[in-house]
Amino acid sequence: MTASIVGWAHTPFGKFDTETVESLVTRVANEALADAGISASDVDEIVLGHFNAGFSPQDFTASLVLQADPKLRFKPATRVENACATGSAAVHQGLRAIAAGAAKIVLVVGVEQMTRTPGPEIGKNLLKASYLPEDGDTVGGFAGVFGKIASSYFQKYGDQSDALALIAAKNHKNGVANPFAQMRKDFGFDFCRAESEKNPYVAGPLKRTDCSLVSDGAAALVLADAETAKAMSKSIGFRATAHAQDFLPMSKRDILQFEGCTVAWQRALEKAGVSLSDLSFVETHDCFTVAELIEYEAMGLTPRGQGARAIKEGWTLKDGKLPVNPSGGLKAKGHPIGATGVSMHVMTAMQLAGQAPEGMQLKNAKLGGIFNMGGAAVANYVSVLEPLK
């Protein structure tokens, strides 16, 4: 690839009554530039990932990044959106600007503020990432959509409640070591497996511990072309990227296949010239635990219908053959929609630079994979990253 990550920043994810979209954006923009060791005047282009969909009264937010530094004034700035994959859409757009020769340095920011929105409105906003003519009346909102997916999976392959609880427990345990995570608590398998007052069923077979968190937060990256990156103190290169967009209506596809995920992984691994087994770890889109389960199969870790093997046999634990979500994933880290994809790239870059927080850092991480998904396997983005210095 023609670009590298040369700087990054990440707010904690959580509920922040004193923050705004603007304050979150300007904070990470300045911190990422400082981390890269460059001035705002060095930036050629800005890309903002912000889903919004009613979460923030302020729309038209690309120019908010300019508030970080007067030297950003008059730089090209564009907001992109692709549901829950909005952050990766922003990253990939920045890469395209560099590949086209239109920019040498691109500042990419992802942001969302969700927690100020009333609960019923949150569900309504998130449901906009589904096909409303078919799913607009789904009870439970977007959780209800994935509840139906989980029910269909259970019907076809048997009750997978143990596997889902193991995935939830794994990600919550991993999140304890991540200072940016919204929920840093090791709940354990028993709590995640049992229905209780604190862990009720939310939709279909999905309990509260199967669902990612409503979050506020932001993350940012500085991307640089190959020549510019040579002079930087750190450089995490893009070995490959891929984006596969699928039909929005679930009725037009086999929703248990996550075919767009499979296509994106196949394209990225082929471009990178590696296999899944060559990866040191993966950050994958666990908006719901059943999504991570199906993604095991879609990425090729297990055959179809056998995703439970990967978690039950410990393959995806931090000391397993392919650690998945060492950051805690969306499940523990939180899921501020527009920030998530950028966050996944930051977490992966940290690992590969050997700069992940203590307890989260994996040993000898050489190649990291990222899968970020928008909707129910509609927008599918994969990145394969490697350290260049």
Side-chain angles (χ1 to χ4, degrees), residues 1 3-10 35-36 91 166-167 169-181 184 186 219 221-224 226 229-230 232-242 265 268-286 292 295-296 299-302 309-333 341-372 382-389:
M1 294 290 288
S4 295
I5 299 170
V6 298
W8 53 75
H10 199 298
D35 187 59
V91 173
L166 285 166
I167 289 170
K170 167 183 70 72
N171 291 344
H172 277 297
K173 183 176 182 179
N174 289 350
V176 172
N178 185 354
F180 303 102
R184 302 178 65 189
D186 184 357
L221 296 171
V222 176
L223 303 177
K230 290 179 182 177
M232 300 296 189
S233 62
K234 57 191 175 188
S235 177
I236 306 299
F238 284 81
R239 183 79 170 257
T241 61
W265 270 111
L269 292 172
E270 183 178 354
K271 287 180 187 177
V274 300
S275 65
L276 193 68
S277 61
D278 293 318
L279 299 181
S280 304
F281 66 97
V282 166
E283 287 287 338
T284 202
H285 194 97
D286 60 321
E292 180 168 327
E295 286 157 19
Y296 292 162
M299 73 173 73
L301 187 57
T302 74
R309 284 188 60 200
I311 186 66
K312 289 183 176 180
E313 297 180 20
W315 303 355
T316 58
L317 301 181
K318 276 167 68 171
D319 59 354
K321 67 179 185 179
L322 183 64
V324 173
N325 288 331
S327 70
L330 285 58
K331 181 79 259 315
K333 179 161 58 74
V342 182
S343 167
M344 296 171 94
H345 283 80
V346 170
M347 293 292 133
T348 301
M350 283 181 175
Q351 287 282 2
L352 295 172
Q355 295 180 10
E358 184 179 356
M360 188 177 123
Q361 179 69 54
L362 300 172
K363 293 182 180 179
N364 302 316
K366 301 298 183 186
L367 206 59
I370 299 164
F371 174 68
N372 185 199
V382 171
S383 297
V384 179
L385 304 184
E386 63 182 346
L388 299 182
K389 60 166 60 174

Next on the checklist: Run the side chain to side chain contact (heavy atoms under 4.5 Å, CB included) test on E283 and H345 for me, step by step, so that the C-alpha distance in whole Å, both residues' side-chain angles and the decisive distance to 0.1 Å come before the verdict.
Outcome noted: CA-CA 9 Å; E283 287 287 338; H345 283 80; over 6 Å; no
Checklist entry - Can you list the steps and then say if K318 with K173 is a side chain to side chain contact (heavy atoms under 4.5 Å, CB included)? => result CA-CA 10 Å; K318 276 167 68 171; K173 183 176 182 179; over 6 Å; no
Item to check | Audit row: M360, F180, side chain to side chain contact (heavy atoms under 4.5 Å, CB included) steps and yes/no | outcome: CA-CA 11 Å; M360 188 177 123; F180 303 102; over 6 Å; no
Next on the checklist: Between T284 and M299, is the side chain to side chain contact (heavy atoms under 4.5 Å, CB included) condition met? List the steps.
Outcome noted: CA-CA 10 Å; T284 202; M299 73 173 73; 4.3 Å; yes
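Side-chain contact between V6 and L223 is absent, with no heavy atoms from C-beta onward closer than 4.5 Å. When side chains are defined from C-beta on, E295 does not count as touching V282, because their heavy atoms never get closer than 4.5 Å. Taking 4.5 Å as the limit, some side-chain heavy atom of T348 sits within range of a side-chain heavy atom of F281. Side-chain atoms of Q355 and K234, non-hydrogen and from C-beta on, do get closer than 4.5 Å to each other. Within the 4.5 Å cutoff, the side chain of T302 has heavy atoms near those of the W315 side chain. Under the 4.5 Å side-chain criterion, counting only non-hydrogen atoms from C-beta, V222 is not in contact with M232. Taking the side chain as every heavy atom from C-beta outward, P387 and I236 approach each other to under 4.5 Å. The shortest side-chain heavy-atom distance between N325 and K331 does not fall under the 4.5 Å cut-off.
Remark: E313 CD is packed, more than 12 non-hydrogen atoms of other residues, nucleotides or ligands lying under 6.0 Å away.
The backbone N or O of T241 lies less than 3.5 Å from a partner atom in the side chain of K271, making a donor-acceptor pair. A donor-acceptor pair is defined here as one N or O able to donate and one able to accept, closer than 3.5 Å; no such pair exists between the side chain of R239 and the backbone of E386. D286 contributes a side-chain N or O that, together with a main-chain N or O of L330, makes up a donor-acceptor pair within less than 3.5 Å. No side-chain donor-acceptor contact under 3.5 Å links Q351 to the backbone of A356.
Closest of all the heavy-atom pairs between A365 and L352 is O-CD2, 3.6 Å. A pairwise comparison of heavy atoms in P357 and P179 identifies CG-CD, 3.3 Å as the closest pair. Across all non-hydrogen atoms, the minimal contact from A242 to A268 is CB-N, 3.7 Å. Here the closest heavy-atom approach between residue S235 and residue A229 is recorded as OG-CB, 3.8 Å. W8 approaches A349 most closely through the heavy-atom pair CZ3-CB, 3.6 Å. Shortest non-hydrogen contact noted between A219 and V346 is CB-CG2, 4.3 Å.
With no hydrogens or angles considered, no side-chain donor-acceptor pair links K170 and T316 at under 3.5 Å.
Note that OG of S277 and CG of L269 are 9.5 Å apart. Values are rounded to the nearest 0.5 Å. Rounded to the nearest 0.5 angstrom, I167 CD1 and K312 NZ are separated by 10.0 Å. Between L322 atom CG and D278 atom CG the span is 10.5 Å, to the nearest 0.5 Å. Rounding to the nearest 0.5 Å gives a distance of 6.0 Å between NZ of K321 and CG of L301. Rounding to the nearest 0.5 Å gives a distance of 11.0 Å between OG of S280 and CG of L385.
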